[in-house]
Amino acid sequence: MTQIAAESSNTDPHIHEKPLSWRRYFSFSTDHKVIGIQYIVTAFFFFVVAGIFAMIMRGELITPETDLVDRTVYNALFTMHGTIMIFGWMFPVLVGFSNYLVPLMIGARDMAFPRLNAAAFWMVPVFGFLFILSFLVPGGPAQAGWWSYPPVSIQNPSEQWLNGELLWLLAIVLSGISSIMGAVNFVTTIVMMRCPGMSWFKMPAFVWTVLAAQIIQLFGLPALTAASIMLLCDLSFGTTFFDSAAGGDPVLFQHLFWFYSHPAVYVMILPVFGVFSEVFPVYSRKPLFGYRVVVVSSFIIVALSAVVWVHHMFASGTPGWMRILFMFSTMLISVPTGIKVFAWVATIWGGKLRLNTAMLFALGGLINFVFSGITGIMLSSVPVDIHVNNTYFVVGHFHYVIYGAIVFGLYAAIYHWFPKMTGRMYYESLGQLHFWLTFLGTTLNFVPMHPLGLMGMPRRVASYDPEFAFWNVVASIGAFLLGMSTIPFLLNIIASWINGKEAPDNPWRAIGLEWLVSSPPDVENFEEIPIVVSEPYGYGKQEPLTENMGG
Amino acid sequence: MTTLDGAIDKNQLHQSSHAIAHEHDEARNSMFGFVVFLLSESIVFLSFFAGYILYKTTSPSWLPPGVEGLAVREPAINTVVLVSSSFVIYIAERYLHKNNLWGFRFFWLATMAMGSFFIYGQAVEWQSLNFGFTSGVFGGTFYLLTGFHGLHVMTGILLQGIMLIRSFIPGNYEKGQFGVEASSIFWHFVDVIWIILFILIYVWQ
């Protein structure tokens, strides 16, 4: 191998490039590891952009009056904040981790369709910038919120054919195409390309959760695509699908939208459940408690996720029997997620804990997830939901899931696999500072939204009654803290990537195929395809993981 | 590696057995991925169908003024042609398995012709109708469903055309195989969708 590289170095400088060269991150690479990092870094850029939108919104809300931005600008900001966070940050960053880790974890050299993989990635900057560029069209970007309900979304106040809502819809459809390309790739890779000995129940929990999440993409996302096409026709071609004055039905849009967009939350959180299942055993030195039940529960979540969407529509003229049905199905979700929470607690229980940054973020994420799970149960109950519908209580619950659990899990993943991805160790003290700032910021930012919602403060408003001022000030301080918390993170990542201590192959003494290869792994991942002989998470046992590579 | 005649050099076979196994894996993966994609694509149609059923059963103004309903005779002929083409494409595939390239090409081209006949019939029907895309939810869903399906039929014909051309390139037998199977599965998919669509729009009036 080295000989070939040396021979070709005179003729083809491209092959000569060391795998460490930063240039390949700016090329149409088909290496799943390069694509994974491309996804993660691009997504982080959109995270910062949408985060700045959130800062401006919290700046506006620090006083009851509308004084910082115009109301229409505020509408555009919350619409683009939600949209870019979900389609520009959440999905791409999770697909990035899945891309990087799945082939390594199942003992494959790459994804099933490497070129499709690269094409799916390069659509992300395209639709991401389409969202941002919509600030430049007459009338500004879409202002109908991230769910884009008609009739608000089809009003087209600027009366231009090229308007923000149109760009929004085009970007959503592009994002959907990219996600479906990714989902086909992941499902095929996981089902068809596992290494010898890697039976279903020898697969790491993270791979299970990626498979579960991508199956949701496959059956759910087309419903959003269908809804977007119909909305586009209403907006630009004069049809009346969602115009009730002309025989259409705006509630149909809500059904199609939530049929996908509720399960979409599971698309986001399932891989984070996988991260928890990977991280807790390593830093507790114990096997994952109830491995089989934990991985199967992901698929119970997939099945249930298809029959809960109407809980977003309890106040949309939904008949009573339907409300009751969906209230029960929603409550049922707490069973498989509860199983996971208990399994993680039992994994940590009595373990030899190592509280480094990755473990802290995973623990913080777990605590926040339990909190958001409790408010989730509250919201699933029809009487409570009708009462707090469209208030800050919903915003608080949602952000506790998305930021408190998912972003925490993502940070845990970044710190845990950073040495593997870059070949460098991060600075632990900066990491700990990052964690405590983030935890404090999250608590201050999102806890106050719950009392605000119960007091009746509606969401999506730029001004409010002075009685809500106290909790809004607290929330804004929390938001600015969260904004600041990314500074030690970025410093840490950039400095240690350039100048950090060189990472060994397995700095955490973790069990898993990805830890048996060099840091960072070679282009081909494995010199020889591994043959797996034991179950994952064999902490405290003396069995080798593979027949030919040890572990 | 192997040629269309099936003449294989033993030495070459030994050297390239790895490559063949690899290519075989790739074709298997591609087929799996393609079927997964089609299952996902079918949900777009299901969503439109769900919308159609909802509108038809609940909308206060379903048929636009002056529209009595749809003529069934011509679309029924169209349906028979499209559904039969699924059998014709199967015959073409059988010929390919028997290495009879000309048999394959003949029936493959026949499938394309039947698909084109369907599209032509659809265009004629569209022209004869006295309502448009913006004539209420009936017009909207009718053109959305038939149009979206029509796009798929045209895509199918395009894929078949590419496969037909590739069958003339020597040495493409191995690689062409996946493409042929995939475009055939796609054709069956388009057919099944049409049967549901025909029942919903034309039979259930």
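Below, chains carry the letters A, B, ... as their sequence lines are ordered, and counting in each starts from 1. Values below: all heavy atoms of this structure, side chains included; hydrogens, waters and symmetry mates excluded.
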Query raised in the report: Is there any residue in residues 182-197 of chain B with a non-hydrogen atom under 4.5 Å from a non-hydrogen atom of chain A, and which ones are they?
Result: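 Residues in range: none.
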Determine the minimum heavy-atom distance between [X] and [Y], stating which atoms define it.
X        : Y        : result
A/Pro196 : A/Ile529 : CD-CG2, 3.7 Å
A/Gly176 : A/Leu221 : O-CD2, 3.5 Å
B/Met163 : B/Val180 : SD-N, 3.7 Å
B/Val153 : B/Gly115 : CG1-O, 4.1 Å

Requested in this report: Would you confirm whether B/Thr111, through its side chain, and B/Phe107, through its main-chain N or O, come within 3.5 Å as a donor-acceptor pair?
Outcome: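 Judged by distance alone, yes, a pair lies under 3.5 Å.
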Query - Backbone of B/Tyr202 reached by a side-chain donor or acceptor of B/Gln205 within 3.5 Å - result: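 Such a contact is found between B/Gln205 side chain and B/Tyr202 backbone.
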Query raised in the report: If you measure from CH2 on B/Trp204 to CD1 on B/Ile199, what distance do you get to the nearest 0.5 Å?
Result: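 So the gap between those two atoms works out to 12.0 Å.
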Query raised in the report: Got a second to check how far A/Ile106's CD1 is from A/Met203's CE, nearest 0.5 Å?
Result: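 Between A/Ile106 CD1 and A/Met203 CE, I get 8.0 Å after rounding to 0.5 Å.
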Requested in this report: Verify the ring-centre separation between B/Phe148 and B/Phe48: is it less than 6.0 angstrom?
Outcome: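 Yes, close enough.
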Query raised in the report: Centres of the B/Phe138 and B/Phe131 rings: under 6.0 Å?
Result: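 Under 6.0 Å, so yes.
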Which bit of [X] is near chain B, if near means a heavy-atom gap under 4.5 Å: side chain, backbone, both or neither?
X        : value
A/Phe113 : side chain
A/Met193 : side chain
A/Leu116 : neither
A/Leu218 : both
A/Ala223 : both

To see if you've got the definition right, give the donor-acceptor pairs under 3.5 angstrom between chain B and chain A.
unit_1: B/Ser40; atom_1: OG; unit_2: A/Leu218; atom_2: O; d: 2.8
unit_1: B/Tyr55; atom_1: OH; unit_2: A/Phe241; atom_2: O; d: 2.5
unit_1: B/Ser59; atom_1: OG; unit_2: A/Gly247; atom_2: O; d: 2.9

Query raised in the report: Do A/Phe526 and A/Leu513 come close enough that some side-chain heavy atom pair is under 4.5 Å?
Result: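 The answer is yes; the side chains approach within 4.5 Å.
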Query raised in the report: Taking the six-membered ring of B/Phe168, is NZ or CZ of B/Arg105 closer than 6.0 Å to its centre and within 45° of its axis?
Result: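 The answer is yes, since B/Arg105 meets both limits relative to B/Phe168.
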Query - Between A/Leu224, A/Ile215, A/Val191, the one whose heavy-atom pairs under 4.5 Å with chain B are most numerous - result: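 Of the candidates given, the most pairs with chain B belong to A/Val191.
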